[in-house]
Amino acid sequence: MESVSVVLFLLLAVVVSGAVSRMLPWSVPTPLVQIVLGGAIGLSTSYSVSLDPELFLLLFLPPLLFLDGWRIPKDELFKDVSTVVELALGLVLTTVIGMGLFIHWMIPAMPLAVAFALAAVVSPTDPIAVSAIAARVPIPKRMMHILEGESLLNDASGLVCLRFAVAAALTGTFSAGDAALSFLWVAGAGLAIGVAVTVVVSRAKAWVTRGWGEDTGSQILVSLLIPFGSYMLAEHFHASGILAAVGAGVTMTFAEISREAMAVTRMRRNSVWDTIQFTLNGIIFVLLGEQLPGILYEARQTVAVTGHSQPGWLALYVVAIVAGLAALRFAWVWLSFKFTILRRRQTGSLPDSALRSPNWRLVAAMSFAGVRGAITLAGVLTLPLALGDGTPFPARDLAIFLAAGVIIVSLILASIALPVLLKGLTMPGEPSKQAEEDAARVATAEAAIRAIERHQHRLAEERGDADRFAAAGGRVMDLYRERIEGLSEDERDAVRAQEKLFREFRLVGVKAERARLADLIRSRQVGSATIRKLTRELDLSEARLRG
């Protein structure tokens, strides 16, 4: 019962955090609210959460990384792939090496391998935390796409570096050559296993669906099992389960294109995954808050590891690490943007106005957007409890304290600086995709008209009542023809204005329908089956009109 109570408290805190963050008069990131609520749970209850590192890694990281890989816009990622790779791989390796040496120099009592492990877990960034921070100051789309792509890749690269650092701490030895070969196997095999699992499962689902139909619940459950299956299979072969989950998520996008699920399955599956993402991210931050009282209580014993006696040294170390991370990121972002400008100057793909040095506000915003979050906490909590001989893992509590401090300080700094830097900031212009969207709508409408005409002729030949089928098909084809005519250049603006008014009036109608349905429910004039059906129809209509 104690474990159940703890889980319920954590879930309640996640639910409350969203409401509290919206109620506050100033913009406070939801993760910070979750940390505070977690701290309240840790201080006000007698329950405590004892986290098993391997179980924590298995439960939280595979689904989150899988979903990131699945949902990230692939075309936007490929557009800025050079910048993303420079940030996600080059910056991570530079951070691990540079910050690892810096942390070991600053805290000599922390073994070099443990310092590298700490540097590895603070290298990944968290775009979800950035979105929460900038909720009231929209982030330029292109910047968000770069941050999402960077986060997807640096989560994996940072955690792979963590794996090597922990192995060095456990064995006491490290060989660059062996590590390079091992990295190729760990990364390559992990990605291959993730891709293979998704492809095999998708084909098996399609085969079952073709023969015996589709069950929505089973389809959703299978999508939930894929990241865990990929992760566990990769770990069984001593490959990277993290990269397997990422590879499975990216492959899921392409697998879904060729093996289409029913609309109701996609809608329900999206809702389930949205809930899982919200819950897991929230629980991670609440857990951080729940662990903080114990971490702070042990601060005096923890600081003794560093050779000092005052806990204030821990705060100084946190500030120094955050400053080092910020300086490295600022320099790397500036150089990355500078090289991008130089490359595009050589190809002539940028206008003269864009060939100057990078905008300092843009570089600063990208630097402060490097907030540490759920992946950092999940990674540091996976540090082993003991070495192979049974002795405690060196400086583990100190590493957890410093990682937690980096998360909190980076969130606070970003919540102050980002709204100021992002206000009025514009990214380099992107070509409009309206023409591409219009062309796709016309092409799909024309395909629909041709299919309806063929169906008309087939039904007329089989059943003989051609007029009835022609009338029904004509009504549907008229809708598609109106779409095609509305997308012509001359009538586009007028049609869009009309469509806006149409949606406005339809939303008024839907609101009135809801109010009348509520009256019917209160007077018990309709049954539960009718209520569910009509409510779902109204939900779908409103979602389509607001989409």
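Count residues from 1 along the sequence.
Considering only residues two or more places apart in sequence or on other chains, His455 meets the side chain to side chain donor-acceptor pair (under 3.5 Å) condition with Arg458.
Side-chain N or O atoms of Arg71 include none that pairs as donor or acceptor with a backbone N or O of Gly249 at under 3.5 Å. Using a distance-only test at 3.5 Å, with no hydrogens or angles considered, no donor-acceptor pair links the side chain of Thr265 to the main chain of Thr216. Checking side-chain atoms of Glu290 against main-chain N and O of Ile41 turns up no donor-acceptor pair under 3.5 Å. In this structure, the side chain of Ser336 does not engage the main chain of Val333 through any donor-acceptor pair within 3.5 Å. In this structure, Thr198 contributes its side chain and Ala248 its backbone to a donor-acceptor pair below 3.5 Å. At distances below 3.5 Å, not a single donor-acceptor pair connects side-chain atoms of Arg514 with backbone N or O atoms of Val510. Between the side chain of Arg524 and the main chain of Arg522, no donor-acceptor pair closer than 3.5 Å is present. Using modelled atom types, no side-chain atom of Ser202 and backbone atom of Val199 make a donor-acceptor pair closer than 3.5 Å. Without hydrogens or angle criteria, Trp332 side chain to Val92 main chain gives no donor-acceptor distance under 3.5 Å.
Taking 4.5 Å as the limit, every side-chain heavy atom of Val36 sits out of range of all side-chain heavy atoms of Val20. Val208 places none of its side-chain heavy atoms less than 4.5 Å from the side chain of Lys205. No side-chain heavy atom of Val286 sits less than 4.5 Å from a side-chain heavy atom of Ser17. At least one side-chain heavy atom of Ile412 sits under 4.5 Å from a side-chain heavy atom of Ile408. In this structure the side chain of Leu383 reaches within 4.5 angstrom of the side chain of Leu162, judged on heavy atoms. Residues Leu11 and Val15 fail the side-chain proximity criterion, which asks for heavy atoms closer than 4.5 Å. Here the side chains of Thr95 and Arg329 are not in contact, with every heavy-atom distance at 4.5 Å or above.
Contact detail for Pro63 and Leu280: the closest heavy-atom pair is CG-CD1, 3.5 Å. Contact record, Ser123 with Gly158: OG-CA, 3.8 Å, taken as the closest heavy-atom pair. For the pair Leu288 and Ala404, the tightest heavy-atom approach, listed with the atom from each and the gap, is CD1-CB, 3.4 Å. Scanning both residues, Ile226 and Phe66, for their nearest heavy atoms gives CG2-CE1, 3.7 Å. Between Val84 and Glu150 the shortest heavy-atom distance is CG1-N, 3.7 Å. The two atoms that bring Val186 and Leu243 nearest to each other are O-CD1, 4.5 Å, heavy atoms only.
Taking CE from Met477 and CD from Gln456, the interatomic distance works out to 4.0 Å, rounded to the nearest 0.5 Å. Atom OG of Ser230 sits about 11.5 Å away from atom CD of Glu235, to the nearest 0.5 Å. Note that CG of Asn270 is 9.0 Å distant from CG of Leu67, once rounded to the nearest 0.5 Å. In this structure, the separation between CD1 on Ile242 and CZ on Arg163 is 9.5 Å, given to the nearest 0.5 Å. Within the model, atoms CD of Gln525 and CG of Asp519 stand 9.0 Å from one another, a figure rounded to the nearest 0.5 Å. The distance from atom OG1 of Thr279 to atom CG of Asp274, rounded to the nearest 0.5 Å, is 10.0 Å.
Using cut-offs of 30° and 60° on the angle between ring planes, the pair Trp273 and Trp70 is perpendicular.
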Test log, rule side chain to side chain contact (heavy atoms under 4.5 Å, CB included), inputs Val197 and Leu233:
CA-CA 9 Å; Val197 168; Leu233 185 61; 3.9 Å; yes
Let me see the working for Phe60 and Leu287 under side chain to side chain contact (heavy atoms under 4.5 Å, CB included), right down to the final yes or no.
CA-CA 12 Å; Phe60 286 88; Leu287 279 174; 4.2 Å; yes
Go through it in stages, so that I can follow the logic: the residues are Leu225 and Val201, the test is side chain to side chain contact (heavy atoms under 4.5 Å, CB included), and I'd like the CA-CA distance, side-chain angles, deciding distance and then a yes or no.
CA-CA 10 Å; Leu225 293 175; Val201 171; over 6 Å; no
Could you walk me through whether Met232 and Leu58 satisfy the side chain to side chain contact (heavy atoms under 4.5 Å, CB included) test, starting with their C-alpha distance in whole Å, then the side-chain angles of each, then the deciding distance to 0.1 Å, before giving a yes or no?
CA-CA 8 Å; Met232 296 178 70; Leu58 173 63; 4.0 Å; yes
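Ionic pairing of Arg481 and Asp478 is present here: one or more N-O contacts between side-chain nitrogen and carboxylate oxygen are shorter than 4.0 angstrom.
The ring-ring contact (aromatic ring centres under 6.0 Å, His included) analysis of residues 208-251, with sequence neighbours excluded, yields the pairs Trp207-Trp212.
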